[in-house]
Amino acid sequence: MWVVISYDISSDKRRTKIFEALKSYGQHVQYSVFECDLSKQAYAKLRHRLDALISKSEGDSIRYYFLCEGCAKRIERIGGPQPMSDEAEFV
């Protein structure tokens, strides 16, 4: 499944940990945004890992946007890194 994950983390230390965790699962596409092509199991593992890293009481937030295959193929890009997966066809 294609998941776009964005985050807003108040602490530099926690933000770095979130970044490092996401880097092993997906492609960093903008300052606080990753695109990930995940199995259900990988998504569950990543979500559990990220949940443990954030501080909700300090206002941290993470958003998960799920894209269907058709929607993922219709992502329009101007500049930035090229898609990570050869299977993904971005317009």
To the nearest 0.5 Å, how far apart are [atom1] in [X] and [atom2] in [Y]?
{"X": "Y31", "Y": "S6", "atom1": "OH", "atom2": "OG", "value": "13.5 Å"}
{"X": "R63", "Y": "S32", "atom1": "CZ", "atom2": "OG", "value": "13.0 Å"}
{"X": "K56", "Y": "S61", "atom1": "NZ", "atom2": "OG", "value": "11.0 Å"}
{"X": "T16", "Y": "I9", "atom1": "OG1", "atom2": "CD1", "value": "10.5 Å"}
{"X": "I54", "Y": "D8", "atom1": "CD1", "atom2": "CG", "value": "10.5 Å"}
{"X": "R14", "Y": "L50", "atom1": "CZ", "atom2": "CG", "value": "13.0 Å"}

Looking only at heavy atoms, which two atoms of [X] and [Y] are closest? And how far apart?
{"X": "H28", "Y": "V33", "answer": "CD2-O, 3.6 Å"}
{"X": "A21", "Y": "S24", "answer": "O-OG, 2.8 Å"}
{"X": "C36", "Y": "G26", "answer": "SG-CA, 3.7 Å"}
{"X": "S39", "Y": "A42", "answer": "OG-N, 3.0 Å"}
{"X": "I62", "Y": "Y7", "answer": "CG1-CB, 4.0 Å"}

Open item on the list: If you define the side chain from C-beta out and look only at heavy atoms, does anything of L67 sit under 4.5 Å from I75?
Closed with: yes

Task: Result of checking Y65, Y64, W2, F19 against F34 for ring pair (Phe, Tyr, Trp, His ring centres under 6.0 Å) - done: F19

Task: Residues forming a salt bridge (charged side-chain N to carboxylate O under 4.0 Å, His left out) with R47, sequence neighbours excluded - done: D51

Open item on the list: Which residues pass the salt bridge (charged side-chain N to carboxylate O under 4.0 Å, His left out) test with K23, not counting sequence neighbours?
Closed with: E20

TODO: Apply side chain to side chain contact (heavy atoms under 4.5 Å, CB included) to L46 and V3, showing your working.
DONE: CA-CA 11 Å; L46 174 61; V3 186; over 6 Å; no

